[in-house]
Amino acid sequence: MNINFSGVTKLNLPDDNVNINLRPITTASEVFKWDEAIAEDGGLVLYELAFDKEGGDFSKPVFKILSDGGGTQRQATVTHKQLVKIAAAGGINSSSTGKLKWTVIASKSLNLKVSTTVRTIQIQRPAGFAEIPSALYITGTATEAGADIAKAVPMKKVEDGVFEIYTSLKEGTYQLTDKQNTTGRKFYIDGSSVKEGTNNTTVSGASKVYRIRYDFNVAAVLEATEIKEVGLYMSAYNAEIGKLSYVGAGKWQSTSIPVVFYQFSWGRDERYKFVLHTSAGDQYVGSANANNGSPVGQPASYFYIYPVSDNQWDNTYKFNPSADNGNIKASLIFGAQGPYSHEITTL
């Protein structure tokens with residue numbers, strides 16, 4: 001078997017010393033191209049794109065990627081998300097700029113040849129983490145579950161790298177972790193940034209309820225909004241007919257609320273939604289549908305909750321007909337498990 005071949009002698013793209021400003025939360029990518037390695041028997045040669053630190057010699061590359069086509073093509077398409085990981089492996093920290101070298105390793109059977117041609121790229125790495133957690137929990141004396149990490153409170157993953165929680169925080173400290181045990185990675189809050197480490201975040205003052213959002217793609221606190229009160233809003237009255245109190249685990253619940261449908265000339269109106277009174281202003285939540293029919297016989301998705309406008313009539317639900325001139329109990333549920341939803345119980 002003839003495994004002899006000529007190595008890659010020319011690198012084509014990107015240009016030497018090109019500057020790449022990474023945008024990992026997009027679909028952006030970079031294409032690396034090179035000339036063909038020629039096998040003496042005309043057979044197939046496989047390629048790997050290799051990266052090393054600026055002073056490295058590729059004896060132990062910090063990262064290797066098969067070329068496109070499972071290693072058969074003379075190019076490799078590398079996403080910016082992958083380049084963040086490669087930059088981290090090469091010692092380039094978040095919010096920093098640094099250089100990496102790249103070349104191509106060609107192979108035929110057990111015969112490997114590292115190209116003697118090398119190029120450099122300059123990477124501008126944004127804030128964010130090379131390895132984004134797939135799950136996130138909050139734990140500590142300031143949290144609802146206390147400092148027992150096995151009981152750490154889960155956060156809801158709303159998109160890749162973005163986590164949200166409705167929860168109360170009291171005086172004490174807390175950490176973020178990606179596991180409900182001591183082996184997990186730990187994170188803490190520094191101003192408006194999320195940082196990795198075992199530091200604690202301190203909470204002072206009275207207990208308050210918050211909606212909190214963290215974006216690990218850019219290592220940022222997107223939101224920490226206090227929710228002061230929740231009201232049950234009835235459209236025909238253009239007013240709140242009752243209040244819900246926070247009971248823990250992202251859930252608000254009312255005591256008995258009297259309900260009287262509003263009498264119009266065409267009939268009685270039973271439309272409602274909810275309003276969150278927050279430190280950032282009033283925020284309405286309701287149905288994804290602009291208009292809804294009766295809840296009788298509807299699937300669970302009828303009761304799902306979404307941010308909506310403050311329009312008096314739009315994105316409302318309807319009370320069960322049995323609620324008219326009676327009393328109901330309302331629950332608003334922003335838990336990490338499953339869709340956000342609500343319940344109306346006729347008493």
Check: In terms of hydrophobic clusters joined by side-chain contacts under 4.5 Å, are L83 and V18 together?
Finding: yes

Margin query: Would you say that more than 12 heavy atoms from the other residues, nucleotides or ligands in this model lie under 6.0 Å from the NZ of K53, or not?
Written below: no

Next item on the list: Heavy atoms only: give me the nearest T225-S279 pair and the separation to one decimal.
Entry: CG2-OG, 3.6 Å

Notebook entry, point to check: Counting N and O atoms only, with roles assigned by atom type, does the side chain of R23 sit under 3.5 Å from a partner on the main chain of H80, one being a donor and the other an acceptor?
Noted result: no

Next item on the list: Using distance alone, with no hydrogens and no angle criterion, decide if S331 and Q253 have a side-chain donor and acceptor under 3.5 Å apart.
Entry: yes

Next item on the list: State whether the number of non-hydrogen atoms from other residues, nucleotides or ligands found under 6.0 Å of K33 atom NZ is greater than 12.
Entry: no

Item checked: T346-N320 side chain donor-acceptor pair, cut-off 3.5 Å -> no

Next item on the list: Indicate yes or no: at least one non-hydrogen side-chain atom of I241 is less than 4.5 angstrom from one of I257.
Entry: yes

Check: Within the side chain of K101, is there an N or O that forms a donor-acceptor pair under 3.5 Å with the backbone of G56?
Finding: yes

Next item on the list: Classify the side-chain pair Q124/N19 by whether it contains a donor and acceptor separated by less than 3.5 Å.
Entry: yes

Check: Are any side-chain N or O atoms of T316 and backbone N or O atoms of Y272, one a donor and one an acceptor, separated by less than 3.5 Å?
Finding: no

Next item on the list: Using side-chain contact (heavy atoms from CB on, under 4.5 Å) as the criterion, point out the one residue from N199, T198, T143, I189 that pairs with Q175.
Entry: T198

Item checked: Side chain T177, main chain R185, donor-acceptor under 3.5 Å -> yes

Next item on the list: If the plane angle is over 60° it's perpendicular, under 30° parallel, otherwise tilted; pick one for H342 and Y317.
Entry: tilted

Notebook entry, point to check: When you measure from the side chain of R119 to the backbone N and O of N17, does any donor-acceptor pair fall under 3.5 Å?
Noted result: no

Notebook entry, point to check: Does one side chain, of N12 or D35, offer a donor that lies under 3.5 Å from an acceptor on the other?
Noted result: yes

Note to self: Distance check, rounded to the nearest 0.5 Å: L11 atom CG versus F32 atom CZ?
What the structure shows: 10.5 Å

Margin query: Let me confirm one number: the CZ-CE distance from R213 to M155, rounded to the nearest 0.5 Å.
Written below: 9.5 Å

Check: Is it true that Y166 and Y210 have ring centroids separated by less than 6.0 Å?
Finding: no

Note to self: Is it the case that the side chain of E40 and the backbone of F5 share a donor-acceptor pair, with hydrogens and angles ignored and the cut-off at 3.5 Å?
What the structure shows: no

Note to self: Working to the nearest 0.5 angstrom, can you tell me the gap between K318 NZ and R271 CZ?
What the structure shows: 6.5 Å

Notebook entry, point to check: Is it true that a side-chain atom of N289 and a backbone atom of N292 form a donor plus acceptor pair closer than 3.5 Å?
Noted result: no

Note to self: Quick check on the hydrophobic clustering: are I132 and V84 connected, directly or via other members, by side-chain heavy-atom contacts under 4.5 Å?
What the structure shows: no

Notebook entry, point to check: Going by atom types only, do E240 and H277 share a side-chain donor-acceptor pair under 3.5 Å?
Noted result: yes

Note to self: Tell me the closest heavy-atom pair linking A130 and A88, and the distance in Å.
What the structure shows: CB-CB, 3.6 Å

Notebook entry, point to check: Side-chain heavy atoms under 4.5 angstrom apart, residues restricted to Ile, Leu, Val, Met, Phe, Trp, Tyr: same cluster for W102 and L66?
Noted result: no

Note to self: Let me confirm one number: the CD-CG distance from Q263 to D324, rounded to the nearest 0.5 Å.
What the structure shows: 9.0 Å

Notebook entry, point to check: Rounded to the nearest 0.5 Å, what separation is found between the CD atom of E48 and the OG1 atom of T103?
Noted result: 12.0 Å

Margin query: Can you tell me how far apart CD (E270) and CE (M234) are? Round to the nearest 0.5 Å.
Written below: 7.5 Å

Next item on the list: Sorted by first residue and then second, give each ring pair (Phe, Tyr, Trp, His ring centres under 6.0 Å) pair with at least one member in residues 111-150; sequence neighbours left out.
Entry: F129-F187, F129-F216

Check: Which other residues belong to the hydrophobic cluster containing Y304, where Ile, Leu, Val, Met, Phe, Trp and Tyr are joined when side-chain heavy atoms lie under 4.5 Å apart, directly or via other members?
Finding: Y306

Notebook entry, point to check: Any sub-3.5 Å donor-acceptor pair from S29's side-chain atoms to T77's backbone N or O?
Noted result: no

Next item on the list: Take Y233 and N238, measure what side-chain hydrogen bond (donor to acceptor under 3.5 Å, both in side chains) needs, and give me the verdict at the end.
Entry: CA-CA 7 Å; Y233 172 88; N238 194 22; 2.6 Å; yes

Note to self: So for atom NZ, which belongs to K208, do other residues, nucleotides or ligands contribute more than 12 heavy atoms lying within a distance under 6.0 Å?
What the structure shows: no

Notebook entry, point to check: Nearest heavy-atom pair of Q73 and W34: which atoms, and what distance?
Noted result: O-CZ2, 3.7 Å

Notebook entry, point to check: Only one of T345, L347, I328 clears side-chain contact (heavy atoms from CB on, under 4.5 Å) with S256; which?
Noted result: L347

Next item on the list: Answer yes or no: is there a donor N or O on one side and an acceptor on the other, between the side chain of N200 and the main chain of T202, under 3.5 Å?
Entry: no

Notebook entry, point to check: Do I305 and Y284 share a hydrophobic cluster (ILVMFWY, side-chain heavy atoms under 4.5 Å, transitive)?
Noted result: no

Item checked: Q312 and S235 side chains, donor-acceptor separation under 3.5 Å -> no

Margin query: Under a 3.5 Å distance rule, please check whether S109 uses its side chain to pair with a backbone N or O of N111 as donor and acceptor.
Written below: no

